[in-house]
Each structure stands twice: as structure tokens, then as C-alpha cells.
There are 2 protein chains.
Amino acid sequence: MAVLGALSIAPMTGYAVREQIRETLGHFWSESFGQIYPALAEFERLAMIERLDTGDSRSSPFAITDQGTARLRELLAGEPQQPKPRNGLMLRLFFGRQLGPEACRELVLSARAQAESQLAHMQDARNDLAKDTDLDDDAPYILLTISAGEHGATASIAWADEALRAIESLAAQKAQPRPHATFTEERP
Amino acid sequence: MAVLGALSIAPMTGYAVREQIRETLGHFWSESFGQIYPALAEFERLAMIERLDTGDSRSSPFAITDQGTARLRELLAGEPQQPKPRNGLMLRLFFGRQLGPEACRELVLSARAQAESQLAHMQDARNDLAKDTDLDDDAPYILLTISAGEHGATASIAWADEALRAIESLAAQKAQPRPHATFTEERP
DNA sequence: CTCGCCATGTAAAGGGTTACATGATTCT
DNA sequence: AGAATCATGTAACCCTTTACATGGCGAG
């Protein structure tokens with residue numbers, strides 16, 4: 001789906017397909033050469049894509065055919081099955097007691113930094129999209145995904161800040177565990 | 001890591017490990033029997049866990065040993081590598097032009113419903129956690145993950161609402177495409 | 001008694017990444 | 001000339017899920 005989709009935006013080589021997916025879909029999707037080249041071969045066999053004959057010797061990009069577009073629409077129309085979640089950060093925090101507050105703090109800080117960088121990347125993408133007039137037709141849809149990235153990153157940052165406060169109060173509590181609270185309470 | 005972590009909270013059978021992971025970590029992690037039982041066998045071989053001898057014939061839960069706890073800490077301390085993202089919803093929206101506004105609207109609506117249900121689930125988890133006094137030590141850390149789930153779900157809902165407005169204006173624009181704009185402009 | 005759940009496993013198949021091999025072209 | 005990048009592939013390996021096989025036990 002990703003490969004056909006990439007070719008539906010512009011003809012390109014397999015190498016370029018991967019670059020495009022990395023650059024524009026990097027936060028939502030990824031494909032490796034081991035997937036892309038066999039897929040291209042299969043699609044060509046099924047006449048869903050065809051090699052363009054440019055005068056250029058070194059590059060012969062693929063273009064999507066009508067059959068390919070039809071197949072892409074079919075695939076897009078299928079139910080999106082979300083893969084089993086595997087969030088290493090959350091797994092570690094869940095068992096954070098074994099790790100201790102300091103290590104957890106590091107984890108959250110690093111997650112915050114990542115979210116911050118994702119946010120910046122999304123804003124770059126927004127600017128690039130505005131400039132690229134070739135993408136006018138796709139732009140409204142691509143904007144939806146950029147907006148999702150922004151919302152997600154912003155939420156991560158807000159969560160991280162909240163979590164950092166919680167962890168600090170946790171560490172403080174541990175270092176100085178309610179000095180004689182029960183005793184003072186018992187004093188009349 | 002997930003299996004040792006589960007056993008670090010309480011001794012339980014392999015079956016129960018899976019139930020626990022599904023119920024409490026479901027939004028962040030998942031394991032199948034095909035992973036859990038071989039892992040348990042290996043851990044037992046390495047003396048990281050041991051079978052408890054309850055009088056009960058049908059259930060002999062595993063308990064984590066000191067070596068197991070040490071290994072768990074080692075694993076938790078490792079860098080969390082986030083897996084390659086695979087977000088079917090975003091992939092579809094990115095190529096949404098091929099799908100059309102209506103289908104995209106359905107996708108976003110369904111995502112919104114999912115986020116709504118996740119939010120409810122997180123609030124349940126919060127309540128359950130407050131009740132369960134066995135988890136007092138782990139609770140502060142578990143709360144971090146619950147909070148992350150809430151932030152994420154809330155962000156998804158906000159994004160979905162924004163996206164729905166964008167899609168509607170897109171559909172309206174398509175249905176009624178600027179009637180004769182260029183002609184009227186050219187008239188003196 | 002039978003159905004469904006608890007419980008334990010295993011083998012096959014699928015999906016995917018990594019690493020390697022190869023060569024042309026372009027840049028320095 | 002040498003390094004980096006573009007470009008295409010492939011094979012091994014790894015992780016994981018799925019499906020099946022098996023059996024004890026409790027409830028209706």
C-alpha cells in the first residue's frame with residue numbers, strides 16, 4: 001500500500017520510494033529495501049506499475065498504471081488493522097519501581113526531547129507542503145497526518161512535564177519520608 | 001521483560017501472565033502464548049523464576065527469584081528501542097485523495113470512537129488502581145502510564161474533531177467549486 | 001454430561017529487518 | 001583517485017502470531 005501510494009504521487013525509482021517514505025511518512029510508517037524491491041517486482045509482474053523509459057541510463061523510475069491505482073484504492077479501502085502495541089517506554093515506566101525514580105526521569109526526559117523534535121519536524125513538513133505546488137491535490141489529506149503528528153507530540157510534551165513533576169515529588173518523598181508524621185498526629 | 005515484570009508484581013501462572021498483560025498493559029504491550037511459555041521455560045532453566053508448590057494440583061504459579069529480579073533490572077535499564085512505526089490510519093489518510101472525503105471521514109470517526117473508549121478504559125484503570133492496595137508501591141509508576149494513555153487519547157479526540165471539520169469543508173468545496181470565479185474576475 | 005474456562009505447550013507459516021554483494025555515478 | 005551517494009537486489013535470520021493438540025476442572 002505504501003509503495004503504490006508513493007508511486008501514485010509521482011513516478012520514482014525503488015530507492016526514491018524508500019527515501020520518500022522515510023522523509024514524509026517517517027513518523028507513521030517505514031519500509032526497508034527487503035520489502036520494497038520484491039514488492040516492485042511483483043507489482044510489475046501484475047502490470048500495476050511499469051518502468052518509464054527515460055533517456056537517462058542510470059535511472060528508470062516506475063510509474064503506476066490504472067490497474068495499480070485501482071489496486072491501491074482497494075487496499076486503502078480495507079480495514080486498517082492496528083498492529084499489536086509495543087511501547088518500550090511505557091513498559092519500563094510500568095515496572096519503574098525496579099528502575100528507580102532517577103532512571104525513570106531520564107526516560108521521560110528523553111521521550112520529551114523526542115516529542116519536541118517531532119513537533120519541529122512536523123512544522124517543517126507543514127512549510128514544505130505549502131511550498132510544493134505539485135502536491136496541491138494531496139495537501140489537504142497530508143495536512144491531516146501532519147496535524148495528527150503535532151497533536152501527538154504536543155500531548156507527549158504535556159504528559160512528560162506532568163510525569164516529571166510526579167517523579168520529582170516521588171523522589172523527594174523517598175528521600176524525606178514524612179518525618180514522624182504519625183507521632184506528631186498522635187500528640188494532642 | 002514483560003514476563004519478568006509481571007512476575008515481579010506477583011507470582012502467577014503463564015496463563016495469568018498473559019491475562020495480566022492483556023488487561024493492564026493492553027494499550028502499550030502484548031504477548032502471545034507462543035512467546036510466554038518458551039520464555040518461562042528458559043527463565044526457569046536459568047533459575048530466574050521457580051515454580052511455587054501450592055497444594056493446588058492444577059495451578060503451580062511461577063515466582064521470580066533474586067537472579068530474575070536482577071535480570072529484570074538489567075533489561076529495564078537498556079535503551080528502549082521504539083519499533084518501526086506502522087500506523088494504518090495515517091497511511092490511509094496520507095493517500096486520502098484516492099479514497100475520497102467520505103471514506104476518510106469514516107476512518108477518522110472510527111479512530112475517534114477508539115480513542116474515546118481508550119479514555120474510558122484508562123479512567124477505569126485509575127479507579128482499579130486506587131482500590132488495589134497490593135499495588136501501592138507500584139502505583140505511582142503505573143499512574144504515569146495511565147496518564148500517558150489519557151493524554152494520548154485526549155489528543156486523538158481533539159485531532160479527530162479538527163480533522164472532521166477539515167474534511168467537511170473539503171467535501172463542501174468539492175461539491176460547490178467556486179462558481180465561475182475566473183470568469184467574473186476577468187469581467188471589467 | 002457437556003460446555004467453557006484454565007492451563008501448557010509446539011510447530012508451521014508469515015512478516016520483516018539486517019547484512020551483504022554489486023556496480024554506476026557524482027563529488028571532492 | 002577515493003569517497004559518498006544512487007540503485008538494485010537477495011538470503012539469512014529473527015521475532016511473532018496462529019493454529020492446533022492436550023487435558024483437568026467447575027458450572028449448569
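A salt bridge between B:Glu150 and B:Arg126 is present, with a side-chain N of the basic residue lying under 4.0 Å from a carboxylate O of the acidic one.
Sorted by first and then second residue, the salt bridge (charged side-chain N to carboxylate O under 4.0 Å, His left out) pairs involving residues 61-74 of chain B (not counting sequence neighbours) are B:Arg71-B:Glu74. Residue pairs meeting the side chain to side chain donor-acceptor pair (under 3.5 Å) criterion with at least one member in residues 5-24 of chain B: none, sequence neighbours excluded.
Here D:dT16 presents its C1' atom at 16 Å from CE of B:Met1, a figure rounded to the nearest Å. One atom, CD of B:Gln81, and another, C1' of D:dC15, lie 12 Å apart when rounded to the nearest Å. In this structure, the CZ atom of B:Arg18 is 13 Å from the P atom of C:dT8, given to the nearest Å. Between the P atom of C:dT17 and the CZ atom of A:Arg86 lies a distance of 15 Å, rounded to the nearest Å. If you measure from atom CD of B:Glu31 to atom P of D:dT17, you get 7 Å, rounded to the nearest angstrom.
When atom types are taken as modelled, the side chain of A:Arg105 and the backbone of A:Glu168 share no donor-acceptor pair closer than 3.5 angstrom. Put simply, the side chain of A:Thr145 never gets that close to the backbone of A:Tyr141: no donor and acceptor are under 3.5 Å apart. Using a distance-only test at 3.5 Å, with no hydrogens or angles considered, a donor-acceptor pair links the side chain of B:His151 to the main chain of B:Ser147.
Contact check, A:Ser30 against C:dT17: a side-chain N or O comes under 4.0 Å of OP1 or OP2.
A:Arg165 is linked by a salt bridge (Lys or Arg N to Asp or Glu O under 4.0 Å) to nothing, counting only residues two or more places apart in sequence or in another chain. In terms of the side chain to side chain contact (heavy atoms under 4.5 Å, CB included) criterion, residue partners of B:Pro80 (sequence neighbours excluded) are, by chain and number, A:Arg92, A:Leu107. Under the salt bridge (Lys or Arg N to Asp or Glu O under 4.0 Å) criterion, A:Glu162 pairs with no residue at all, not counting sequence neighbours. Legend: residues meeting salt bridge (Lys or Arg N to Asp or Glu O under 4.0 Å) with B:Glu106, ordered by chain and number and at least two apart, are absent.
Under the 4.5 Å side-chain heavy-atom criterion for grouping Ile, Leu, Val, Met, Phe, Trp and Tyr, B:Leu109 is connected to B:Met90 within one hydrophobic cluster.
Relative to the axis of its first five pairs, the axis of the last five pairs of the helix from C:dC1-D:dG28 to C:dT28-D:dA1 sits at 30°, rounded to 10 degrees.
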Under 3.5 Å, which donor-acceptor pairs do the side chains of residues 38-49 of chain B form with other protein atoms, sequence neighbours left out?
unit_1, atom_1, unit_2, atom_2, d
B:Glu42, OE1, B:Arg45, NE, 3.3
B:Glu42, OE2, B:Arg45, NH2, 3.1

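Listed in residue order, the members of residues 36-45 of chain A having a heavy atom less than 4.0 Å from DNA chain C come to none. For the segment residues 4-17 of chain A, residues with any heavy atom less than 4.0 angstrom from an atom of DNA chain D are, sorted by number, A:Thr13, A:Gly14, A:Tyr15.
Cluster partners of A:Leu119 are A:Ile157, counting Ile, Leu, Val, Met, Phe, Trp and Tyr whose side-chain heavy atoms approach within less than 4.5 Å, directly or via other members.
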When you compare the protein's N or O atoms with those of nucleotides 18-20 of chain D, which come within less than 3.5 Å of each other, and at what distance?
none

